[in-house]
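Following: one structure in structure tokens, then a few remarks.
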Amino acid sequence: MESTSPIKSHRLSGNYKDTVAAILTLPDRERTPFLLDLAFVQFAYEKYEECLTFLLTYISRAQPKTLSKMGCFIASELSIIFPNSPPLNQIIDYYQCPVPIKKTPSIFKITDFRINILPILTYVFFGQCAQCDHTFEMNTNVTLLVDFNTPCPRCFCSNTLNSKIIQSFLSSSNIHHYKFNPTPLSQPLPPFIPELLFSYDDYLAPLLFTESPK
Amino acid sequence: MKTIMFSPRNTGFIFNRFHTFTEHLLNHFKLFTQLKDLSHHFKPANLIYFDQNSYSKNELFKLYKSEHIDFISTIDTYITHHLDNHQKNLPDGLLDSSFLEMIARFHLVKEMLATRQVDYLFICTTEIYLIDLAREMNVKTIFLEHAPNFFPFTVFDDTKRHHLPFTAKFPDMILSENQLSTRHWHYQCNRLNQTHTKILETGLPLDNMVKLQHPFDSDRQSFTISIFNTWLDKSRPENLIENELNLILLFENLFRCLSDLLPIKPFRVLLKNHPKLDENAYQTHRFYHQLAKKYGIDDFEICNDLDATIHQTDLAITLGKSSLLTDLLYSKKPSIIYSLLSDSVISYFDDINNIFPIVSSANELHALIKKYLVSNEYDTHQKKLSDIQNQFQLNKRTLEEKCHQIIKYLT
């Protein structure tokens with residue numbers, strides 16, 4: 001069971017890329033307990049068909065006597081999207097999943113921020129669930145022009161992250177900016193390197209902003 | 001039969017941009033490639049596969065030890081210089097993986113060219129580092145862009161070139177889309193003293209250029225303003241945070257401006273996002289829908305299909321010098337550039353700048369769009385586009401004709 005804790009801790013921290021990557025390192029027969037984690041990740045990405053597939057595969061392979069709180073949450077929420085799905089309705093009846101309660105999403109309280117550069121540029125916002133104070137991350141790729149909800153990985157309450165919240169956090173916090181000196185570099189560079197640098201500037205420039213706010 | 005090869009970057013475009021071109025090429029050339037599954041998509045007869053040895057990180061570091069040391073020290077010099085000599089701890093792992101990414105591509109091409117005599121290597125404009133390597137191996141290099149553009153390229157842009165002592169290198173040949181881009185390339189080559197380069201005006205053999213054979217929807221009543229949204233190139237440090245925040249304000253201003261114009265004459269608004277932004281549509285779409293709701297723009301829609309959006313457009317608003325401007329010009333759609341960057345690059349030629357008016361404030365944008373709604377600015381702009389199309393004989397070739405032209409030249 002040593003391999004289980006990193007997967008759960010990645011999921012609970014909202015780091016879904018590493019959650020999926022960690023599950024994929026397991027042999028197929030050992031992945032079954034984590035199919036529910038995969039279903040949750042797909043739900044967070046709003047990929048509901050994939051989410052349903054993982055949920056059904058989990059139930060059919062693991063045949064659990066009871067369904068965890070996360071499993072019940074996923075099944076109930078999916079029933080809103082797929083109200084006429086017989087297997088889903090059977091799961092909800094059999095495991096007595098509660099009827100989903102429509103609640104206004106809470107505002108995600110950003111506490112920290114980071115830019116990941118590789119493999120693709122990702123803005124990572126660390127913050128707290130307004131309902132249970134659990135700390136987790138919400139990520140956006142390429143752009144800050146966003147407005148989306150995601151469930152807290154611990155209490156499953158919906159949290160909102162949008163440009164307004166981001167704007168207010170980035171404007172008020174002391175993000176580590178360096179003053180860029182635009183004068184050309186006079187020192188000659190090794191012949192092979194400048195062209196590579198130039199072509200892959202994408203990797204170079206973000207290096208200037210890899211630190212968390214001070 | 002001669003042998004051709006696509007660079008690593010252009011190999012990545014085979015399926016979504018150069019599919020037809022590759023099909024045509026394979027009737028006349030052998031294609032040397034590292035992509036294993038090409039035979040599932042193309043006739044296998046002239047495909048030659050390269051079996052790449054997989055190199056471990058350590059092996060690559062060993063092979064390019066001195067380049068690795070140079071790279072690390074260069075970045076250190078670069079950052080120390082540009083950050084006002086402020087010493088900064090750079091994450092080693094990140095630098096190493098950046099270096100590996102670069103060097104692995106370089107090494108792949110080097111190995112391929114060492115294995116087999118290749119006649120032509122199609123490279124992207126960002127892959128100029130392959131030009132010397134190809135010359136050493138007696139291989140002709142050809143710029144094959146994955147999108148046409150009328151504005152100076154980032155890699156040859158003066159503001160960027162000043163950040164690094166950099167010698168521009170041009171390939172043996174450049175494939176040019178039309179007379180306008182040929183003029184642009186000639187100017188650029190002369191300016192950078194790259195007179196050896198031949199510019200071939202064959203057209204760019206791209207699958208994704210806008211298709212003009214769609215019938216015009218004559219039942220459509222309302223005037224349509226389309227916003228072609230882009231993403232900010234993160235190679236500029238200020239685009240990471242500062243301009244992203246500015247872009248939020250720009251969109252706020254843009255929607256407010258459109259809302260203010262609605263009482264003058266009703267119109268509908270379409271938004272076409274750059275595909276990179278649509279990869280996470282669940283995160284991004286609501287941002288735009290909420291803005292439309294906030295400013296009472298009821299007739300608002302986000303479109304996925306580029307061709308369909310262009311065909312429905314009466315007036316286009318782009319947020320930068322997108323290659324889409326070529327498609328909009330070919331489709332004779334009046335376009336305004338609402339630029340986030342006040343110092344943005346303009347064309348070397350006035351006639352190009354004249355057909356793509358640039359505004360950088362919401363007030364200017366409001367005044368300009370108003371002209372399209374109430375006066376004859378729309379007709380005037382369309383006439384300018386028609387004139388330039390006729391003068392420079394734009395968009396006269398089909399994709400097949402472009403492919404034949406290139407093949408004829410190379411064979």
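Here is the naming used below: chain letters follow the sequence lines, and residue numbers restart at 1 for every chain.
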Task: Pairwise side-chain contact, R286(B) with T160(A), heavy-atom cut-off 4.5 Å (strictly under) - done: yes
Open item on the list: Atom CD of residue position E49(A) - does it have more than 12 heavy atoms of other residues, nucleotides or ligands inside 6.0 Å?
Closed with: no
Open item on the list: Can you tell me which portion of Y123(A) sits under 4.5 Å from chain B's heavy atoms? Options are side chain, backbone, both or neither.
Closed with: side chain
Task: Which of N229(B), L249(B), T284(B) touches chain A most, by non-hydrogen pairs under 4.5 Å - done: T284(B)
Open item on the list: So for N162(A), is it side chain, backbone, both, or neither that comes closer than 4.5 Å to the heavy atoms of chain B?
Closed with: neither
- [ ] Classify the angle between the aromatic ring planes of F148(A) and Y282(B) as parallel (below 30°), tilted (30 to 60°) or perpendicular (above 60°).
- [x] perpendicular
Task: The single option from V142(A), T140(A), L144(A) passing side chain to side chain contact (heavy atoms under 4.5 Å, CB included) against E244(B) - done: L144(A)
Task: side chain to side chain contact (heavy atoms under 4.5 Å, CB included), paired with Q283(B), selected from N149(A), V146(A), D147(A) - done: V146(A)
Task: Gap between atom CD of E252(B) and atom CD of Q167(A) - 0.5 Å precision - done: 7.5 Å
Open item on the list: Just verifying a value: how many Å separate N141(A) CG and N280(B) CG, rounded to the nearest 0.5 Å?
Closed with: 4.5 Å
Task: Approximate separation, where rounding is to 0.5 Å, of L247(B) CG and L145(A) CG - done: 4.5 Å
